[in-house]
Amino acid sequence: MPENPYATPVLAWYETHARDLPWRRPDATPWGILVSEIMLQQTPVARVLPAWQSWMERWPTPADLAAEPPGAAVRMWDRLGYPRRALNLHASARAIVDEHGGEVPREHAQLLALPGVGSYTAAAVASFAFGQRHAILDTNVRRVLARVIDGVQYPPKSQTKAEATTAQELLPPEPAVAARWGVAVMELGALVCTARSARCGECPLAGQCAWRQQGYPQHSGEPRRGQRYAGTDRQVRGRLLAVLRSAEGPVPRCELQRAWDEPIQRDRALRGLIHDGLVDPLPNDSFALPG
DNA sequence: TAGACGTGGTG
DNA sequence: TCACCAAGTCT
């Protein structure tokens, strides 16, 4: 297993440039770290910050959240996006209480079994909350490694086995150092080696970066697929859920109809929300957040 | 394994 | 302005 020639400069850079985020402080609990990781999925730090504060004030432990109906989580989630994450967090809280004595589990496999916790999040919690040695491979790390090692502007569209192998090989032997390395590369990708710009003047790896040495070859091939939103079911679902969140209790169907004109798509979106457990259909043709 | 899944900020 | 992008997961 080759040594990691990037660890020393990246760790030194992190020492002085890491952001002071509440879930990174010494007093952060595993639960707080899990909540942050779920919230941060596809969501910028700036938007997570206030949401995380409110969430942790209201539900400081998994048991606090588990005692509430799932709809309370969905309402609290507000406009963070991908509201099924709120449902997943609630279901995770109940699983943690029911199956782990109210404590966030330490084992990667047990974390992975929680709803909404995939490969990245399980590794992140095991590493950041419990100081274990796991490869962290998120969008930031993938981009940094693609540039520094492979000399390309962007990583492949979907994660490859080769990327996982590389991340594993770069892991420092000491668990505590490995955990530090993981956040540090992520932070480098988030602050310096970003998707839109590469501030190589501030980068501790500028001298050993393949992409830089090769003159920044631009991404060639298919344009990177952008997600459309306007007019999609996702937008309709968002509108419907917004109505239900703003209401105190159940909402009659006619009120939901004002959220979207087109009836076929509106009904399809509503059925989807019900199917996903984000909405409860009630007897008198009204609807509510799940109770 | 693509595609679905929210929302808002930005270059 | 308007694509693109943001600590992914699930099917």
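Please read these numbers as outputs of a predicted model, since none were measured by experiment. All chains are named by letter (A, B, ...) in the order of the sequence lines, taking the proteins before the strands, and each is independently numbered beginning at 1.
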Is there a side chain to side chain donor-acceptor pair (under 3.5 Å) between A/Glu37 and A/Tyr120? Walk through the geometry before answering. CA-CA 9 Å; A/Glu37 289 302 335; A/Tyr120 161 76; 2.9 Å; yes

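Along DNA chain C, the nucleotide nearest A/Pro115 and the nucleotide nearest A/Ala195 are compared for position; the residue whose nucleotide lies closer to the 5' end is A/Ala195. Each of A/Asp233 and A/Pro44 was matched to the nucleotide of DNA chain B holding its nearest heavy atom; the match closer to the 5' end belongs to A/Asp233.
Contact annotation for A/Thr139: backbone-only contact, meaning every heavy-atom pair under 4.0 Å involves sugar-phosphate atoms and none involves a base. Note on A/Arg19: a base of the nucleic acid sits closer than 4.0 angstrom, heavy atoms only. Counting any heavy atom pair closer than 4.0 Å across all strands shown, A/Leu21 reaches a base atom. Counting non-hydrogen atoms under 4.0 angstrom, A/Gly118 reaches the backbone sugars and phosphates but no base. Within 4.0 Å of A/Arg143, counting heavy atoms only, lie sugar-phosphate atoms of the nucleic acid but no base atom. When heavy atoms are screened at a 4.0 angstrom cut-off, A/Ala124 is found touching no nucleic acid atom at all. Counting any heavy atom pair closer than 4.0 Å across all strands shown, A/Trp23 reaches a base atom. Counting non-hydrogen atoms under 4.0 angstrom, A/Leu80 reaches a base of the nucleic acid. Counting non-hydrogen atoms under 4.0 angstrom, A/Thr121 reaches the backbone sugars and phosphates but no base. Counting non-hydrogen atoms under 4.0 angstrom, A/Arg234 reaches a base of the nucleic acid. A/Ser36 comes within 4.0 angstrom of nothing in the nucleic acid, heavy atoms only.
The distance between atom NZ of A/Lys157 and atom P of C/dT9, rounded to the nearest whole Å, is 19 Å. In this structure, A/Gln159 places its CD atom 14 Å from C1' of B/dT1, rounding to the nearest Å. Distance, A/Arg79 CZ to B/dT7 P: 7 Å, rounded to whole Å. Rounded to whole angstrom, the span from the CG atom of A/Leu89 across to the C1' atom of C/dC10 amounts to 16 Å. Whole-Å rounding puts the A/Arg239 CZ to B/dC5 P distance at 16 Å. Per the geometry, CZ belonging to A/Arg237 stands 10 Å off P belonging to B/dT7, to the nearest Å. Nucleotide C/dG8 holds its C1' atom 15 Å from the CG atom of A/Leu114, rounded to whole Å. Atom OH of A/Tyr120 is separated from atom C1' of C/dA6 by 12 Å (rounded to the nearest Å).
Residues A/Leu170 and A/Leu145 meet the side-chain proximity criterion, which asks for heavy atoms closer than 4.5 Å.
The pair A/Arg180-A/Glu15 meets the salt-bridge criterion, with a side-chain N (NZ, NE, NH1 or NH2) lying under 4.0 Å from an Asp/Glu carboxylate O. A salt bridge does not link A/Asp64 with A/Arg58: every distance from a Lys NZ or Arg NE/NH1/NH2 to an Asp or Glu carboxylate oxygen is 4.0 Å or more.
In this structure, of C/dC5, C/dA7, C/dG8, it is C/dA7 that holds the atom nearest to the side chain of A/Ala190. Listed nucleotides B/dG8, C/dA7, B/dG6 differ in distance to A/Pro83; the shortest reach to its side chain belongs to B/dG6.
Below the 3.5 angstrom threshold, one finds a donor paired with an acceptor across the side chain of A/Thr43 and the base of B/dG6.
The closest donor-acceptor contact from the side chain of A/His90 to the backbone of A/Ala86 lies at 3.5 Å or more, if one exists at all. In this structure, A/Arg239 contributes its side chain and A/Trp260 its backbone to no donor-acceptor pair below 3.5 Å. Although no hydrogens or angles enter the test, the distance criterion places a donor-acceptor pair under 3.5 Å between the side chain of A/Gln213 and the main chain of A/Gly207.
Taking atom P in both C/dA7 and B/dA4, the straight-line distance is 22 Å, to the nearest Å. Separation of the P atoms belonging to B/dC5 and C/dC2 is 24 Å when rounded to the nearest angstrom. Comparing C/dT11 with B/dG6, their P atoms sit 14 Å apart, to the nearest whole Å.
Between A/Trp59 and A/Trp55, the ring-plane angle classifies as perpendicular under the 30° and 60° cut-offs.
The phosphate of C/dC5 (OP1 or OP2) has no side-chain N or O of A/Thr194 nearer than 4.0 angstrom. OP1 or OP2 of C/dG8 sits under 4.0 Å from a side-chain N or O of A/Gln42. Phosphate proximity of B/dT7 to A/Tyr229: present, with a side-chain N or O under 4.0 Å from OP1 or OP2.
When the salt bridge (charged side-chain N to carboxylate O under 4.0 Å, His left out) test is applied to A/Arg143, no partner is found at least two apart in sequence or on another chain.
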Review item, nucleotides 9-11 of chain B N/O atoms under 3.5 Å of protein N/O:
none

